[in-house]
Every structure is written in C-alpha cells, then in structure tokens.
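Here is the structure we will look at.
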Amino acid sequence: MTDTTDEFTTTVYYEEDAEQKHIEDKTVAILGYGSQGHAHALNLHESGVDVVVGLRPDSSSRSDAEDAGLDVTTPAEAASQGDVVSLLIPDTVQPDVYEQAVEPNLEAGDTLQFAHGFNIHYNQIQPPEDVDVTMVAPKSPGHLVRRNYERDQGTPALLAVYQDATDEAVNEGLAYAKAIGCARAGVLETTFQEEVESDLFGEQAILCGGITSLVKHGYETLVDNGYSPEAAYFECLNEMKLIVDLMYEGGLAEMWNSVSDTAEYGGLSRGDEILDDHVRENMEETLEQVQNGEFAREWVLENKANRPGYTQLREAEKNHEIEEVGERLRALFAWSDE
Ligand SMILES: NC(=O)c1ccc[n+]([C@@H]2O[C@H](COP(=O)([O-])OP(=O)(O)OC[C@H]3O[C@@H](n4cnc5c(N)ncnc54)[C@H](O)[C@@H]3O)[C@@H](O)[C@H]2O)c1
Ligand SMILES: CC(C)(O)[C@@H](O)C(=O)O
Ligand SMILES: [Mg+2]
Ligand SMILES: [Mg+2]
C-alpha cells in the first residue's frame, strides 16, 4: 500500500440513497454516442431525465440516436442546453472538444461530468471554479451498462467529486448514477485519483492487457507443442468466459466448487508458479507508471504523433492466429447468426 491510498473512502450507495429529483429538472447533455455515450443517453432518457446528445454533424451515430428517440444537436449546442454536460467521447479528444465546444458554454452552477478522470487528474482539462466537476464511472464496458439496465439489473460505478461549487454535487452525481442503473449494483464514493489510477492499472494489468496476454501465451504454448489450434482456442479463450462467469456469480469459491478436484488442486498448486513474483513486480512497475504520470505522458504524446505505436500494436493483435481460429469456430456455433 502506498501513502496515497490513506485518503480513499469506501462509502457505497444504493437505490434508496439516491433521489432522482436532483437531476429531474435539469437537462443532461451527453457528448458522444459510443460505448458509454449511448448507454448513458438511453438509460437516462428511459429513466425520465431530459437528455440532449451532442454529436459532430458528420457523426455516423446521429441516425442511431435519433431513431432511439433522442434529441441530437452539435456538441456546442448540447453543452449550451445542458445543465449537466457529460463528456463521453474518447479521453484523447476530450481536451480539444472541451476547449472548443464546452468551456464557452459552461455557466456558473453547471456540472461537468466524466466517466473517467484521466483529463482532470493529469491536468489536460482545467475547468472554471464556478462549476461542479463530477464523475460517474461505471466499472463495466458501456454496452453492458445498457444491457444490464434493459434487464432490470445494474453495473457498479465509482462516484467522485473534484469540485463542488453548488454543494449539490454528490446528490446530483448519485441521481445520475441511479438513472443509468448503477445504484442497483452499488455506487462507491471515491476520488478522481483513485478512479484514474485503479482503472488504468486494472485495464492494463488484468482486464484488458493481462487477460489477453495470458490467453495468447496459453494458446501459443499448446499450439507450439503440437496441439490443435481449435482445442487451444476452446481451452484458453472460450472457456475463460465460462470460468469467469462463475467467479462473477459467486466469487472464487463458486468457480473452485464447480471444477473438478483435479482442476482445483492443479490450479491452486500451479497458478502461482505461472504468475509468480515476477508478475507481481511487473504489476508494481505498471502501477508506478500510472501513479507518476509516465503512462499518461506516453499516451498523450502517442496521440500527438498520430498513434504510430498504437496502430502497430492493434495490427499485430488483429493478425494473431487465435483471431482467425476463433472467428471460424464461433461462426459454427449452433446459435450463431453469422
Ligand atoms: N468504453 C467503456 O466501456 C468505458 C468504461 C468506463 C469509462 N469509460 C470512459 O468513458 C469515456 C468515453 O469512452 P468510450 O469508450 O465510451 O468512447 P467511444 O470511443 O466509444 O466514443 C465514441 C464517440 O465519441 C465521438 N467522438 C469521437 N471523436 C470525436 C471528436 N473529435 N469530437 C466529437 N465527438 C467525437 C464519436 O462520434 C462517438 O460518438 C472515456 O472517458 C472513457 O475512459 C469508457
Ligand atoms: C471497460 C473498462 C476497461 O473498464 C474501461 O475502464 C475502459 O477504459 O474502457
Ligand atoms: Mg474501467
Ligand atoms: Mg478505463
């Protein structure tokens, strides 16, 4: 544990703690209609909140949003109409869009709302002092924020207040979180610092980076030793979801309970040999790069240079053999509609 965690809080709010009245008489401008944007816009709208979506005139999402019954206008006009302006466009474009479309349209007492704190924490956006600056960060991909809401379920979220000009920031943030379905699962009060550092660490080391590397290493080990690509795909990627589903439902115990004693003993005795102390040291290093701003600097510069490294990494991932094998096998699933 580093010293920085001393200030972190752990209050968790649920449905009964949030009152929608704190957002009901307001207009929420949702800038962007991508993964989080479409989910927040549709969930807020269906919860009875007044929503306007801000998109570039040439945006391919415009007709989707309009077909869903949402009001769509430009980012600047939406920011001007909104009492709450939710920046749900990619982190890398937020500073420019903020400067051009949002800042000139922010009025005292408005709320600037985020789903991730990168640009505030790393000082890429510096809002005026007379607005609230809040964050409702679902701990989930946006498409599942939407899917869970539609199924009367919810996804947990983090709530943080960077600036409270109105003394209403927490109540309003909670109301927003409730309206997108997050209070059904739990809204954890935190700081922008904790959200940013834990989110970046989690997606790099575990959720996105760690898991894909683990899958690829496992697949390559089997295939390089003469096992069939199909068997390797099912073993290392497809079954990952089924195993993780059990952990999601009932923790590690439910997964261990469902697998054989042979798998349980093999997993318990070999897991830490595979992911050994070196992995822990690498994780510490990854976290440090997040905490000291090295990752953020690299990512900002990568974008300024037009993403050469990112493009190369994306291409290599796309061309990995497991993708071709998986596409072929998934198309043959009985329930596939491809
Ligand atoms: N993707 C997730 O599931 C997820 C989860 C938690 C938090 N977040 C955070 O939510 C925010 C939005 O991320 P996302 O992944 O939903 O975004 P996204 O990449 O899905 O956003 C795409 C949307 O942004 C719009 N857009 C792109 N460039 C634009 C520009 N230059 N000007 C105006 N609009 C532009 C597109 O038209 C589209 O509507 C980020 O802060 C991200 O960190 C995302
Ligand atoms: C869905 C994630 C990985 O949790 C989110 O943090 C993101 O950046 O997309
Ligand atoms: Mg995340
Ligand atoms: Mg993230």
Side-chain angles (χ1 to χ4, degrees), residues 29-43 51-66 68 70 72-79 85-103 105 112-122 124-125 133-149 155-160 162 176-177 180-182 185 187-188 190 192 194-212 244 248 286 290 295-296 299-300 303 306-307 310 314:
I30 302 287
L31 302 201
Y33 200 69
S35 182
Q36 289 294 325
H38 90 288
H40 292 219
L42 292 170
N43 294 2
V51 172
V52 57
V53 177
L55 293 176
R56 289 171 296 182
D58 60 344
S59 170
S60 58
S61 310
R62 172 173 281 268
S63 55
D64 287 347
E66 282 171 348
L70 297 165
V72 182
T73 181
T74 62
E77 180 53 30
V85 183
S86 205
L87 271 190
L88 299 180
I89 53 181
D91 297 303
T92 47
V93 307
Q94 285 180 12
D96 277 352
V97 173
Y98 171 77
E99 197 183 310
Q100 285 156 29
V102 179
E103 193 175 24
N105 291 301
L112 185 61
Q113 153 75 33
F114 293 87
H116 176 50
F118 188 99
N119 288 305
I120 291 291
H121 184 61
Y122 295 117
Q124 304 298 297
I125 291 178
V133 181
T134 60
M135 169 172 39
V136 174
K139 292 285 90 190
S140 160
H143 295 92
L144 302 189
V145 173
R146 177 62 185 152
R147 193 191 296 172
N148 282 341
Y149 179 90
T155 42
L158 302 185
L159 168 69
Y162 173 75
Y176 183 107
I180 64 170
C182 292
V187 179
L188 183 82
T190 184
F192 270 62
E194 185 179 38
E195 185 277 335
V196 170
E197 294 176 356
S198 59
D199 189 74
L200 294 178
F201 172 76
E203 64 203 23
Q204 292 173 17
I206 315 289
L207 304 173
C208 307
I211 199 175
T212 49
V244 169
Y248 175 84
T286 295
V290 165
F295 171 75
W299 182 221
V300 169
N303 280 279
N306 240 348
R307 303 183 154 190
Y310 185 26
R314 263 184 166 170

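Both counts, for ligands and for their atoms, begin at 1 and track the order of listing. Just the heavy atoms: all of them, side chains too, but no hydrogens, waters or symmetry mates, feed the values below.
- Of all protein N/O/S atoms, those under 2.8 Å from the Mg ion (ligand 4) are Asp199 OD2, Glu203 OE1, and waters are not counted.
- Interface of Gly32 with ligand 1, defined as ligand atoms under 4.0 Å from a residue heavy atom, comprises 39 (O).
- Looking at Ser59 against ligand 1, only its side chain comes within 4.0 Å, counting heavy atoms.
- Inclusion of Gly142 in the set of residues having an N or O under 3.5 Å from an N or O of ligand 1 is warranted.
- Put simply, the side chain of Gln94 gets close to the backbone of Ile89: a donor and an acceptor are under 3.5 Å apart.
- Taking atom 22 (C) of ligand 1 as the reference point, the nearest protein heavy-atom neighbour is Gly34 CA, 3.8 Å.
- Neither side chain, Glu77 nor Thr73, offers a donor N or O lying under 3.5 Å from an acceptor on the other.
- Taking both residues in full, the closest heavy atoms of Val53 and Gly32 are given as CG1-O, 4.4 Å, listed atom of the first, atom of the second, then distance.
- Trp299 and Tyr310 have perpendicular rings, their planes meeting at more than 60° on a 0 to 90° scale where under 30° would count as parallel.
- Within the 4.0 Å heavy-atom cutoff, Pro75 does not count among the residues contacting ligand 1.
- Residue Ala115 has at least one heavy-atom neighbour below 4.0 Å for each of these atoms of ligand 1: 7 (C), 9 (C), 10 (O).
- Summarising the local packing, CZ of Arg307 is surrounded by more than 12 heavy atoms from other residues, nucleotides or ligands at distances under 6.0 Å.
- Among protein heavy atoms, atom 15 (O) of ligand 1 sits closest to Ser35 CB, 4.0 Å.
- Looking at every heavy atom in both residues, Leu42 comes nearest to Ala68 through CD2-CB, 3.6 Å.
- With a heavy-atom cut-off of 4.0 Å, Val97 touches ligand 1 through its side chain alone.
- The closest non-hydrogen atom to atom 31 (N) of ligand 1, taken over Arg56, His143, His38, His116, comes from Arg56.
- Ala185 and Pro156 get closest at one heavy-atom pair: CB-N, 3.5 Å.
- Put simply, CZ on Arg147 and OG1 on Thr155 are 12.0 Å apart, with the number rounded to the nearest 0.5 Å.
- Closest approach of Cys208 and Thr212 over heavy atoms only: O-OG1, 2.6 Å.
- At a heavy-atom distance under 4.0 Å, only side-chain atoms of Gln94, from C-beta outward, approach ligand 1.
- Looking only at atom types and distance, the side chain of Tyr176 has a donor-acceptor partner in the side chain of Ser86 under 3.5 Å away.
- A donor-acceptor contact shorter than 3.5 Å is absent between the side chain of Asp91 and the backbone of Asn119.
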| task | Walk me through it: do Ile125 and Leu87 pass the test side-chain contact (heavy atoms from CB on, under 4.5 Å)? | result | CA-CA 11 Å; Ile125 291 178; Leu87 271 190; 4.0 Å; yes
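- Look at Ser140 and you'll find a heavy atom under 4.0 Å from some atom of ligand 1.
- Contacts with ligand 1 closer than 4.0 Å are made by heavy atoms of both the backbone and the side chain of Gln36.
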| query | Yes or no on side-chain contact (heavy atoms from CB on, under 4.5 Å) for Leu200 and Phe118, after CA distance, side-chain angles and deciding distance? | reply | CA-CA 9 Å; Leu200 294 178; Phe118 188 99; 4.3 Å; yes
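- The atoms of ligand 1 that sit less than 4.0 Å from any heavy atom of Asp91 are 40 (C), 41 (O), 42 (C), 43 (O).
- Ligand-side atoms of ligand 1 in range of Pro138: 6 (C), range being under 4.0 angstrom from any heavy atom.
- Relative ring orientation between His38 and Tyr33 is described as perpendicular, the plane-to-plane angle rising above 60° on a 0-90° scale split at 30° and 60°.
- Ligand 2 lies under 4.0 Å from heavy atoms of Ser140, Pro141, Asp199, Glu203, Cys208.
- In terms of protein heavy-atom proximity, atom 21 (O) of ligand 1 is nearest to Pro90 CD, 3.6 Å.
- Val85 and Ala79 get closest at one heavy-atom pair: CG2-O, 3.8 Å.
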| request: Just do the side-chain contact (heavy atoms from CB on, under 4.5 Å) check on Glu195 and Phe114 with the steps written out, would you? | output: CA-CA 11 Å; Glu195 185 277 335; Phe114 293 87; over 6 Å; no
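- Taking all atoms of both residues into account, the shortest heavy-atom contact from Gly54 to Ala78 is CA-CB, 3.6 Å.
- Considering only non-hydrogen protein atoms, atom 39 (O) of ligand 1 sits nearest to Tyr33 N, 2.7 Å.
- The single protein non-hydrogen atom nearest to atom 13 (O) of ligand 1 is Ile89 O, 4.2 Å, given as residue, atom name and distance.
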| request: I would like to know whether Val93 and Asn303 meet side-chain contact (heavy atoms from CB on, under 4.5 Å); could you show each step before the answer? | output: CA-CA 9 Å; Val93 307; Asn303 280 279; over 6 Å; no
